[in-house]
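Each ligand, and each atom within it, is numbered from 1 in the order the structure gives.
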Amino acid sequence: ETELIHMFKGIPFTTRSSLELLKSLDTFDAREDDVLLGSYPKSGTHWLAGVITKLYNTPITLTSPIEFGDVSKLEELNKLSSKRIIPTHLDYNMLPSNFKNKNCKMIYISRNPKDTAVSMYHYYRENPHLPTVDTWTAFFDLFLEGDVVCGSWFDHFLSWEEHKNDKNILFLFYEDMKKDLPKIVKEISVFLDIDISDDDIQDICKKSSFSEMKNNTEKENSDPSHTVCALTSNRKLIFRKGTVGDWKNHFTPKQNLKFEEIFNEKMKLSKMAKRLTYEF
Ligand code: A3P
C-alpha cells in the first residue's frame with residue numbers, strides 16, 4: 001500500500017503534498033495582491049472559496065492549495081498573471097513568510113470543532129487519500145490527540161488566533177455564514193475592497209447555498225488540478241450534510257464531556273472560543 005500520510009515538522013500531511021514542496025514553501029514569492037484562504041480541513045473552505053470567486057468582477061484565479069503537489073508548484077503559481085486566491089490548510093507558523101512580510105490579505109474560516117470532527121470522520125471514511133478509520137470512537141480519540149491529517153485542530157486554530165488583531169486577516173465562522181450569509185458576504189466584500197450591490201449579494205448567496213453547490217458539483221466533470229483542498233480533488237466528497245450541530249448525532253455523553261474538558265483546557269486563553277461554541 002502506498003503511504004497516504006507523511007510527517008513534516010511534526011504534523012501529519014497528505015503525501016499529495018510532497019516533502020520537497022513543503023520544504024521549499026518559505027521561498028515562495030507572494031504578491032501584495034494575493035489573497036490567502038486559511039482553514040483547518042472541514043471548516044467550510046469550499047463554501048468560502050465559492051463565495052469569493054463570485055464576488056470579483058475582475059479576473060482572478062482560484063489556485064489549488066499552496067501545499068498541494070510537488071516542488072514545481074511554486075513555479076506554476078509564479079506563472080499566473082492574474083490576481084491569485086490561494087487556499088491553504090497550513091497553520092499560521094508554516095505560511096511562507098512573504099505573505100506576512102507583504103501584508104497579504106488572509107481570510108481564516110473556522111467551525112465548531114465538534115462538527116469539524118464529525119465532518120472529518122466522514123471524510124476519512126469516503127476519501128481514498130486518507131487512512132482507514134473503523135469507527136467513530138476510534139476517530140474521536142485520534143482527533144483529540146491531533147493524530148489526524150493537518151495535526152491538532154487546537155494548535156491550528158490557536159496559531160491563527162494569535163494574529164486576531166492583524167489588520168490583514170479576517171476571521172470568519174461557519175456558523176455565522178449559516179445564520180446570515182448576506183451579512184458575511186458583505187463583510188468579505190468590504191474586507192477585499194470590492195464594490196457590490198445588495199442585489200448582487202443576494203444573488204451570490206442564492207448560488208452559494210448548500211443545495212446549489214452540491215447540485216452543480218454533481219453536474220460537472222471534476223478537474224483534478226482544480227481542488228481547493230489538498231486532501232482530495234473530488235468535489236463530490238465535500239457536500240455531505242452542511243448543517244450545524246450534526247455532532248449531536250455522533251457524540252456519546254461521555255465523549256462530549258471529554259471533548260469539553262480538553263476544549264476548555266486548550267482554549268482557556270482564547271478570546272474567540274465563544275464564537276465556536278454556540279452549539280456546544
Ligand atoms: P459536513 O461534512 O458537516 O456536511 P471543507 O470545504 O472545508 O472541506 O468543509 C466541508 C464542510 O462544509 C462539509 O460539512 C460540507 O457539507 C460543508 N459545506 C460545503 N458547502 C456548503 C454550503 N454551501 N453551505 C453549508 N455547508 C457547506
One thing to verify: whether [Y] and [X] come together as a salt bridge, which I'm taking to mean a side-chain N less than 4.0 angstrom from a carboxylate O.
X	Y	value
D166	K100	no
D141	K258	yes
K105	D193	yes
D34	K83	no

Can a donor-acceptor pair be found between the side chains of [X] and [Y] at a distance below 3.5 Å?
X	Y	value
S270	E161	yes
S72	D70	yes
H129	R16	yes
N256	K248	no

Which residue owns the protein heavy atom closest to [atom], what's the atom, and how far is it?
atom	result
atom 7 (O) of ligand 1	T45 OG1, 2.6 Å
atom 6 (O) of ligand 1	H46 ND1, 2.6 Å
atom 17 (C) of ligand 1	Y174 OH, 3.8 Å
atom 11 (C) of ligand 1	R111 NH1, 3.7 Å
atom 23 (N) of ligand 1	S208 O, 2.9 Å
atom 10 (C) of ligand 1	K42 NZ, 3.7 Å
atom 20 (N) of ligand 1	F239 CE2, 3.2 Å

### Summary
Between Y124 and the options T132, V149, L231, the side-chain contact (heavy atoms from CB on, under 4.5 Å) test singles out V149
### Message
Is there a polar contact, in the sense of an N or O pair closer than 3.5 Å, between P41 and ligand 1?
### Response
no
### Query
Would you call the rings of F143 and Y40 parallel, tilted or perpendicular, where under 30° means parallel and over 60° means perpendicular?
perpendicular
### Task
Check if S43 has a non-hydrogen atom at a distance under 4.0 Å from any atom of ligand 1.
yes
### Query
Hey, is I238 one of the residues with a heavy atom under 4.0 angstrom from ligand 1?
yes
### Query
Heavy-atom contacts under 4.0 Å between S209 and ligand 1: side chain, backbone, both, or neither?
backbone
## Note on the structure
With heavy atoms and a 4.0 Å threshold, my read on which part of R235 contacts ligand 1 is neither
[X]: numbered ligand 1 atoms lying under 4.0 Å from its heavy atoms:
X	answer
K241	4 (O), 16 (O)
M213	23 (N)
S119	1 (P), 2 (O), 3 (O), 13 (C), 14 (O)

